[in-house]
Engineer: 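Dropping a structure here in structure tokens format, bear with me for questions.
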Amino acid sequence: MREIWPSVLYLAQLISTVACNAPTVPLDDIVIEKTFVPEHCDRAVKAGDFVRYHYIGMFPDGKKFDSSYDKGSTYNVFVGRRQLIEGMDKALLDMCVNERRLVKIPPQLAYGKDGYGDIIPPDSVLHFDVLLLDIWNPQDQVEVKTNYKPETCTRTVDVSDFVRYHYNGTLLDGTLFDSSHTRLRTYDTYVGIGWLIAGMDKGLLGMCVGEKRVITMPPFLGYGENGDGDIIPPDSVLHFDVLLLDIWNPQDQVEVKTNYKPETCTRTVDVSDFVRYHYNGTLLDGTLFDSSHTRLRTYDTYVGIGWLIAGMDKGLLGMCVGEKRVITMPPFLGYGENGDGSDIPGQASLVFDVVLLDLHNPKDGIMVQPQVVPETCPRKSQEGDYMRYHYNGTLLDGTFFDSSTYNTYIGKGYVIAGMDEGLLGVCIGERRRITIPPHLAYGEEGTDGEVPGSAVLAFDIELIDMEEGLPDGYMFVWKENVSPSLFAEMDKNKDAIVEFSDYILQQVNEGKGRLAPGFDPHRIIENMFTNQDRDGDGKITENEFKLKADELQEHDEL
């Protein structure tokens with residue numbers, strides 16, 4: 001046993017040495033090692049496809065003989081058409097974009113016994129580190145993948161439409177080459193008339209506002225063999241992630257959708273009317289750019305005379321007070337190519353959600369609508385009458401602003417002009433509605449906290465009582481003829497000084513005379529006394545006493 005051990009050990013060492021120095025077994029076919037495989041692979045290379053890839057060519061000892069990276073461009077070629085060495089034609093098959101392979105190619109599938117000039121010796125095994133960046137086929141067309149579509153889509157993109165959209169443009173390997181988002185503005189253009197590359201012209205058709213889709217196009221529908229400068233390489237498949245924000249057509253007009261209309265509508269907006277309305281203004285994608293609600297006041301303006309953008313001038317026509325409608329207008333009837341310089345982009349369609357609160361015309365007068373009229377009416381109110389009435393005051397849309405029982409003279413300017421006029425010809429117990437335009441009410445300013453500027457007012461009134469007034473300038477009149485010896489009658493104690501106050505009160509109590517209604521009788525008589533006491537000594541003598549008819553100047557006296 002001991003003698004056998006040395007020979008066995010020598011044999012083992014000999015076998016090991018021979019194995020280590022044995023020549024490499026020739027390759028019968030290519031060998032592929034996948035060094036990176038992407039998680040998602042929508043498409044793999046087939047014969048007849050066109051590919052763009054980067055490569056590094058090496059000999060088995062690692063010495064580099066060629067590289068696309070050194071040339072600064074990918075290698076672009078058809079696969080399976082003998083435009084490549086046979087081993088590379090086979091190696092590229094079933095490859096995915098962004099996949100990386102290490103490929104070993106025997107000489108019989110490369111440059112064989114002849115080699116390639118001074119670069120590749122005869123019978124060379126070649127190693128290629130390959131990264132696939134792009135793949136397409138001449139039979140390809142535009143491919144559309146919808147990632148999001150709104151539930152409601154009343155209109156889709158058609159040929160000759162104008163659109164505004166955001167996009168990210170990438171190559172097929174994910175390299176970003178352009179983005180509207182980074183420029184902070186949409187891309188605005190016509191569709192289907194040659195303003196876009198052919199693939200985008202096709203890919204945008206049928207889109208809804210708010211829709212998100214991915215549009216993929218082969219190079220012959222993109223930037224073709226030449227690419228686009230340093231941004232898009234030649235023969236590149238393009239990938240656009242698109243969000244459509246706006247769509248309109250030069251043939252569009254104002255579109256009106258009525259969401260609510262009152263059952264009763266006695267009047268609608270016409271040219272030259274003045275209106276008050278609330279609105280929310282949005283872009284077509286729903287972006288809010290303005291709202292009267294946030295300012296807590298209506299928008300007040302004339303309609304149809306150029307005070308509004310053309311689309312709103314048209315869209316408000318025919319509205320009733322209380323009506324709610326959505327007015328959609330193309331940009332040429334809104335703020336046009338330039339927008340408003342801040343919140344409204346150029347070429348933007350506008351959507352206004354409007355509720356009309358008020359409507360009148362500068363030519364309007366008051367409107368009286370009798371509601372309850374008594375069967376008998378001994379006397380109707382006249383100018384100068386003193387009346388007591390109850391009222392509820394509302395705006396034209398029904399908003400309450402005041403309610404009271406009020407005492408006043410009518411026709412004397414003590415109330416707003418429209419009420420002065422509307423209270424004429426009323427019977428006691430009558431109820432009527434008086435509608436008053438702002439120029440006969442509180443005008444452009446309104447009243448703080450109650451009546452908005454330029455508001456039409458509606459008063460529901462009930463006449464409770466009225467008393468005939470006195471002629472202008474009079475605080476007291478006789479119901480009968482004045483006694484020719486009036487001073488003597490008033491001078492009861494015959495001291496040539498009249499007992500003025502007692503006498504006047506007696507005439508009123510006996511129904512022979514009337515004081516002006518609505519005032520304190522004692523204050524009226526005090527004022528009358530002061531007017532007669534011309535020297536201010538607290539007494540009225542015969543020389544001071546005069547009737548109003550005898551006065552050269554008018555005074556509030558007898």
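None of these values were measured; they are calculated from a predicted model.
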Engineer: Does one side chain, of Asn249 or Ser160, offer a donor that lies under 3.5 Å from an acceptor on the other?
Structural biologist: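 A pair is found: one side chain offers a donor N or O, the other an acceptor, under 3.5 Å apart.
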Engineer: Among all residues two or more places apart in sequence or in another chain, which pass the side-chain hydrogen bond (donor to acceptor under 3.5 Å, both in side chains) test with Asp313?
Structural biologist: none
Engineer: Quick test of your reading of the model: are Arg101 and Glu99 salt-bridged, counting only N-O distances below 4.0 Å?
Structural biologist: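 Looking at Glu99 together with Arg101, the answer is yes, because their closest N to O distance falls below 4.0 Å.
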Engineer: Partners of Asp178 by salt bridge (Lys or Arg N to Asp or Glu O under 4.0 Å), sequence neighbours excluded?
Structural biologist: Arg183
Engineer: Between atom CG of Leu176 and atom CG of Asn168, what is the distance when rounded to the nearest 0.5 Å?
Structural biologist: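 The CG atom of Leu176 sits 6.0 Å away from the CG atom of Asn168.
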Engineer: Are the side chain of Thr74 and the backbone N or O of Asn76 linked by a donor-acceptor pair below 3.5 Å?
Structural biologist: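 No, because the side chain of Thr74 does not come within donor-acceptor range (under 3.5 Å) of the backbone of Asn76.
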Engineer: According to side-chain hydrogen bond (donor to acceptor under 3.5 Å, both in side chains), does anything in residues 104-132 pair up with another residue at least two apart or in another chain? List the pairs.
Structural biologist: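 Sorted result for residues 104-132: Arg100-Asp129.
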Engineer: Side chains of His278 and Ser292 only: does a donor on one sit below 3.5 Å from an acceptor on the other?
Structural biologist: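 On atom types as modelled, these side chains qualify, holding a pair under 3.5 Å.
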Engineer: Once you round to the nearest 0.5 Å, how far does CG of Asp358 lie from CG of Leu395?
Structural biologist: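 If I round to the nearest 0.5 Å, the distance is 7.0 Å.
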Engineer: Do Phe240 and Phe177 have ring centres separated by under 6.0 Å?
Structural biologist: yes
Engineer: Working to the nearest 0.5 Å, report the span between NZ of Lys324 and CG of Asp353.
Structural biologist: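 Rounded to the nearest 0.5 Å, the NZ-CG separation comes to 8.5 Å.
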Engineer: Could you go step by step and tell me if Phe332 and Trp248 meet the side chain to side chain contact (heavy atoms under 4.5 Å, CB included) rule?
Structural biologist: CA-CA 10 Å; Phe332 55 85; Trp248 57 272; 3.8 Å; yes
